[in-house]
Protein chains: 2
Amino acid sequence: MKLSTKGRYAVTAMMDIALHEKQGPITLADISQCQGISLSYLEQLFAKLRKQGLVKGVRGPGGGYRLAKSADQISVADIIQSVDEKLDMTKCGGRGNCSSGEKCLTHQLWFELSCKLYKFLSGIKLDQYVNRPEINELVKKQDTQYGRFLNRSNAVV
Amino acid sequence: MKLSTKGRYAVTAMMDIALHEKQGPITLADISQCQGISLSYLEQLFAKLRKQGLVKGVRGPGGGYRLAKSADQISVADIIQSVDEKLDMTKCGGRGNCSSGEKCLTHQLWFELSCKLYKFLSGIKLDQYVNRPEINELVKKQDTQYGRFLNRSNAVV
DNA sequence: TAAATTCCTGACTGAAATAGTCAGGAATTA
DNA sequence: TAATTCCTGACTATTTCAGTCAGGAATTTA
């Protein structure tokens with residue numbers, strides 16, 4: 001498994017979308033500015049998130065990205081797996097032929113670790129953070145700071 | 001946080017030592033051969049493990065490495081942290097100045113995730129695997145296959 | 001004391017992943 | 001039709017991973 005900044009970028013962006021679900025599609029340019037992630041890099045990540053069916057792209061003016069499922073059905077594990085390829089930590093990909101055809105010494109350890117970690121990250125859904133008061137205050141601050149949604153009906157004043 | 005092959009190498013090597021604690025110090029050359037990890041790379045990893053006080057080096061013939069604490073006091077988290085620098089997943093290193101001096105949107109998420117993950121990996125100690133019968137069978141097989149400890153009093157026949 | 005063994009250190013290298021850039025096309029809205 | 005935004009692919013720089021190499025320091029054994 002890989003748990004790197006790449007995955008963090010993806011989760012951060014997804015959180016941003018989840019937190020603004022009511023305001024309609026969010027543009028990548030918006031996320032790029034607010035979260036400090038390069039636009040083109042975001043586009044690469046979102047290509048993968050789209051292929052995994054986590055987000056839907058809406059083209060044209062007023063478009064952007066929105067969640068493809070409800071926030072309580074999207075886990076951190078889903079997101080990380082989408083961009084980082086695999087969560088499996090065994091050398092052999094779970095096949096058990098890691099050491100000259102046999103299971104290696106630590107096959108069991110990694111296998112179990114992968115399972116537990118997966119379960120753990122699967123249990124954390126986006127909506128757990130969307131409804132917190134302290135997070136929502138932060139969101140408001142940021143939205144005002146960056147003047148988000150100014151040219152929309154639901155603009156932040 | 002990073003959870004890469006680097007950490008797996010380190011844990012694998014530590015497991016190997018823990019599993020052979022009774023046979024005295026284990027040489028890196030031995031681990032290199034049995035686990036298929038380059039010797040020089042192991043030396044780099046063990047320099048870090050030593051600095052963290054997880055292993056002790058014994059020089060000279062018959063020397064090698066042994067655990068600096070008992071196996072029930074060494075967790076997977078300890079090992080990964082030693083070689084991968086940090087388990088912390090926040091952008092700001094927990095300081096909370098990730099977004100123009102304020103906490104970023106996902107600070108809370110990463111902070112909590114780091115804590116949970118750390119607790120989780122801290123709970124997995126080396127000795128949990130040392131005493132399993134299925135693992136011990138594997139060890140015996142490997143030791144015979146590679147002719148380990150042949151020139152020692154406790155040689156595997 | 002000499003030789004062998006093993007840890008230990010630092011500098012270097014190739015390959016891959018990460019992160020970002022650039023240019024342009026496709027769909028949609030106004 | 002023009003503006004907006006997604007979408008795609010090729011390209012580049014930087015960092016990390018993994019491994020190599022050369023040599024020195026401590027220790028044991030002969």
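Throughout, a chain's letter reflects where its sequence line sits, starting with A, and its residues are numbered from 1. Values in this document were obtained by computation on a predicted structure and should not be read as measured data. Basis for what follows: all heavy atoms, side chains included, without hydrogens, waters or symmetry-related copies.
In terms of position on DNA chain C, the residue among A:Gly7 and B:Gly64 whose nearest nucleotide sits closer to the 5' end is B:Gly64.
What separates NZ of A:Lys56 from P of D:dT5 is a distance of 19 Å, to the nearest Å. Atom CD1 in A:Ile31 sits about 13 Å away from atom P in D:dT5, given to the nearest Å. Atoms CD (B:Glu43) and P (D:dG19) sit 13 Å apart, rounded to a whole Å. Summarising the geometry, the separation between NZ on A:Lys51 and P on D:dT8 is reported as 6 Å, rounded to the nearest angstrom. The nearest whole Å value for the distance from the CD1 atom in A:Ile37 to the C1' atom in C:dT18 is 13 Å. What separates NZ of A:Lys6 from P of C:dA17 is a distance of 9 Å, to the nearest Å. Here the P atom of nucleotide D:dT5 and the CD atom of A:Gln33 are 13 Å apart, to the nearest Å. Rounded to an integer number of Å, the gap from CD of A:Gln44 to P of D:dA10 is 12 Å.
One side chain, B:Asp143 or B:His20, offers a donor N or O that lies under 3.5 Å from an acceptor on the other.
Of all heavy-atom pairs spanning A:Ser122 and A:Ser75, the tightest one is O-CB, 3.2 Å. Taking both residues in full, the closest heavy atoms of B:Leu54 and B:Ser82 are given as CD1-OG, 3.4 Å, listed atom of the first, atom of the second, then distance.
Counting only heavy atoms from C-beta on, B:Ser40 has its side chain closest to D:dT20 among D:dT8, C:dT9, D:dT20. Proximity note for A:Asp84 (side chain, C-beta onward) versus D:dT8, D:dT20, C:dT18: the nearest is C:dT18.
The existence of a salt bridge linking B:Asp16 and B:Arg148 is confirmed by a sub-4.0 Å separation between a basic side-chain nitrogen and an acidic carboxylate oxygen.
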In B/S/- notation, 5' to 3', how is nucleotides 25-30 of chain D contacted by protein heavy atoms closer than 4.0 Å?
BSBB--
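A:Tyr65 has no side-chain polar atom (N or O) that falls below the 4.0 Å cut-off from OP1 or OP2 of D:dT5. Remark: B:Ser4 is in phosphate contact with D:dC17, judged by side-chain N or O atoms under 4.0 Å from OP1 or OP2.
Within the 4.0 angstrom heavy-atom criterion, no nucleotide atom of any strand lies near B:Phe46. Among the protein residues, B:Leu39 comes within range of no part of the nucleic acid, since none of its heavy atoms lies under 4.0 Å from any strand.
Hydrophobic clustering (side-chain heavy atoms under 4.5 Å, transitive across Ile, Leu, Val, Met, Phe, Trp, Tyr) groups A:Tyr41 together with A:Phe46.
B:Glu112 is linked by a side-chain contact (heavy atoms from CB on, under 4.5 Å) to A:Tyr129, A:Arg132, B:Gln108, counting only residues two or more places apart in sequence or in another chain.
Among residues at least two apart or in separate chains, there is no salt bridge (Lys or Arg N to Asp or Glu O under 4.0 Å) pair with a member in residues 118-128 of chain A.
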